[in-house]
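Please read these numbers as outputs of a predicted model, since none were measured by experiment.
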Amino acid sequence: MCGRLACTLNPDEISAKCEYMSSKEKLEKPEWIHNDQEYKPVFNGPPTTVVAVLSSNKNLKLDKTSSTEFCLIPMRWGMLPSFKTEATGNFHTHNARIENILKSNLYKPSLMSGKRCVIITEGYYEWQTTPGENLKQPFFLYQNPDGPKFESKKNLIKLAGLFNISKDGDSVKYSCTVLTREADSSMAWMHYRMPVILNTREEVNNWLNYEEIEYKEAIDRLPKYEDCKKEFRLKHHAVNKTFVNNSSCNEAKCMQPAAAKYAYLSTLHDTNIQVGYTYSCLQPFHFRPIS
DNA sequence: CCAGACGTTGTT
DNA sequence: GTCTGG
DNA sequence: CCAGACGTTGTT
DNA sequence: GTCTGG
């Protein structure tokens with residue numbers, strides 16, 4: 001899941017939509033930190049794309065700290081392990097299972113050093129697989145009260161993640177990964193995993209404020225999709241597979257609604273999902289069937 | 001002791 | 001089939 | 001996530 | 001770096 005995303009807002013728009021309550025009880029817009037990676041708006045971004053990431057500024061190993069408590073910083077999506085220095089090969093992870101992060105050698109160092117972050121997206125893509133058929137229908141998932149009018153009132157989807165800082169020759173590279181968990185029953189028809197989504201300021205603060213909230217507590221406080229308010233539930237529509245499947249096609253048409261290629265998909269799924277809705281033919285997969 | 005792994009995804 | 005690159 | 005490569009020789 | 005397996 002969560003292997004392709006979109007974020008078409010410019011840096012200033014993102015900052016405005018990431019306003020948070022500071023420790024002085026004031027609303028603050030996070031300042032952008034500049035490194036040698038560069039965030040650019042993206043319509044169809046695969047792992048390795050540079051994404052906008054919100055983090056506490058205190059664990060970023062900066063020469064000077066930013067003027068805001070939280071800040072935005074460009075990071076490579078696809079976390080490089082902390083134990084690799086220099087040319088890291090291609091060992092990276094763009095998703096991290098929340099079930100595994102506490103016992104994993106890869107993620108424990110990030111958790112222990114407070115490298116918790118929020119990956120800023122406008123939406124993400126998911127490919128629905130159908131058992132027994134070699135067909136995959138891509139969908140775009142997003143939070144936009146106006147539906148698919150991408151020009152106005154864009155709402156962001158904030159994904160809980162972890163990050164790392166690794167040496168890359170003479171420079172320093174920031175990289176991050178998105179936490180995933182089993183999909184809620186209303187989402188399972190599309191895919192059996194989903195990202196951990198943060199909606200409220202409190203949820204964002206719980207995850208980023210690593211000095212006040214230690215990692216085990218922070219993980220416990222991560223919200224479950226099935227508990228989120230109706231206004232935060234994701235919308236979706238089918239998208240054009242010819243465009244979206246090709247990660248080199250970084251164009252707005254990737255996000256546009258398209259007819260699902262197969263009749264059963266368009267009749268059952270080409271509407272916004274309802275809370276509690278389950279598509280009985282596509283239960284979550286399991287690694288091994290019980291029985 | 002040293003060597004080698006360290007991850008997710010999909011999927012039946 | 002499996003790895004790399006986008 | 002998907003798409004595309006998957007190789008050697010000789011050498012400006 | 002740190003844990004597991006030999």
Query - Candidates A:S55, A:S67, A:S15 - the one meeting side chain to side chain contact (heavy atoms under 4.5 Å, CB included) with A:P30 - result: A:S15

Requested in this report: In whole angstrom, give the distance that lies between atom CD1 of A:I165 and atom P of E:dG1.
Outcome: 16 Å

Report task. Ignoring backbone atoms, test whether A:N95 places a side-chain nitrogen or oxygen under 4.0 Å from the OP1 or OP2 oxygen of B:dG7. Result -> no

Query raised in the report: Heavy atom of residues 242-250 of chain A under 4.0 Å from DNA chain C: which residues?
Result: A:S247, A:S248

Query raised in the report: Considering only heavy atoms from C-beta outward, does the side chain of A:E122 approach that of A:Y142 to under 4.5 Å?
Result: no

**Report entry** Plane angle bin for A:F139 and A:W189 - parallel if under 30°, tilted between 30 and 60°, otherwise perpendicular
**Finding:** perpendicular

Query raised in the report: Mind checking the C1' distance from D:dC2 to B:dG10? Whole angstroms is fine.
Result: 13 Å

Query - OP1 or OP2 of B:dA5 under 4.0 Å from side-chain N/O of A:S104 - result: no

Report task. Sorted by first residue and then second, give each ring-ring contact (aromatic ring centres under 6.0 Å, His included) pair with at least one member in residues 4-27 of chain A; sequence neighbours left out. Result -> A:Y20-A:F70

Requested in this report: Rounded off to whole Å, could you give me the CZ-to-P distance for the A:F139 and D:dC1 pair?
Outcome: 16 Å

Report task. Count the heavy atoms belonging to other residues, nucleotides or ligands that lie under 6.0 Å from CD of A:E99, then report whether that count exceeds 12. Result -> yes

Report task. Using the P atoms only, state how far D:dA5 lies from B:dG4, rounded to an integer number of Å. Result -> 33 Å

Report task. Could you check which of B:dT9, B:dG7, D:dC1 has an atom nearest any side-chain atom of A:Y107? Result -> B:dG7

Report summary line: Here the distance between atom P of B:dG7 and atom CG of A:L179, to the nearest Å, is 14 Å

Query - A:E211 and A:S56: side chain donor to acceptor below 3.5 Å - result: no

Query raised in the report: Which residues satisfy the side chain to side chain donor-acceptor pair (under 3.5 Å) test with A:N35, sequence neighbours excluded?
Result: A:Q37

Query - Rounded distance in Å between the P positions of D:dG7 and C:dC3 - result: 13 Å

Report task. To the nearest Å, give me how far apart CG (A:L106) and C1' (B:dT8) are. Result -> 11 Å

Query raised in the report: Between A:M190 (CE) and B:dT11 (C1'), how many Å, whole number?
Result: 19 Å

Query - A:L208 reachable from A:I14 in the ILVMFWY side-chain graph, under 4.5 Å edges - result: yes

**Report entry** Interatomic distance, A:E182 CD vs B:dT9 C1' [rounded to whole Å]
**Finding:** 15 Å

Report task. Applying side chain to side chain contact (heavy atoms under 4.5 Å, CB included), run through A:I197 and A:L159 and close with a yes or a no. Result -> CA-CA 5 Å; A:I197 299 171; A:L159 307 177; 3.9 Å; yes

**Report entry** Donor/acceptor link under 3.5 angstrom from A:Y192 side chain onto base of B:dG10
**Finding:** yes

**Report entry** Any donor-acceptor N or O pair under 3.5 Å, side chains A:T177, A:Y107
**Finding:** no

Under 3.5 Å between N/O atoms: give me all the protein pairs with nucleotides 3-6 of chain E, atom names plus distance.
none

Query raised in the report: Is the ring centre of A:F83 under 5.5 Å from the base ring centre of B:dC6, and are the two planes under 30° apart, so that they stack?
Result: yes

Query raised in the report: CH2 of A:W77 versus C1' of B:dT8: gap in Å, rounded?
Result: 11 Å

Report summary line: Stems with DNA chain C, 3 or more Watson-Crick or G-U pairs in a row (under 3.5 Å), are C:1-6 with D:1-6

Requested in this report: Can you tell me, in whole Å, how much space there is between the C1' of D:dT11 and that of B:dA3?
Outcome: 40 Å

Query raised in the report: Under a single-linkage definition using a 4.5 Å side-chain heavy-atom cutoff for Ile, Leu, Val, Met, Phe, Trp and Tyr, are A:I219 and A:I213 assigned to the same hydrophobic cluster?
Result: no

Query - Nearest-angstrom distance from the residue atom CZ of A:R181 to C1' of B:dT8 - result: 17 Å

Requested in this report: Would you sort out whether A:S113 and A:N59 count as a side chain to side chain contact (heavy atoms under 4.5 Å, CB included), showing the intermediate values?
Outcome: CA-CA 8 Å; A:S113 56; A:N59 51 8; over 6 Å; no

Requested in this report: Determine whether the side chains of A:N199 and A:Q143 contain a donor N or O and an acceptor N or O closer than 3.5 Å.
Outcome: yes

Report task. Using salt bridge (Lys or Arg N to Asp or Glu O under 4.0 Å) as the criterion, point out the one residue from A:R233, A:R193, A:K224 that pairs with A:D184. Result -> A:R233

Query raised in the report: Is there a residue in residues 40-54 of chain A whose heavy atoms reach under 4.0 Å of DNA chain E, and which residues are they?
Result: none

Query raised in the report: When the ring planes of A:H94 and A:W77 are compared, do they come out parallel, tilted or perpendicular, using 30° and 60° as the limits?
Result: perpendicular

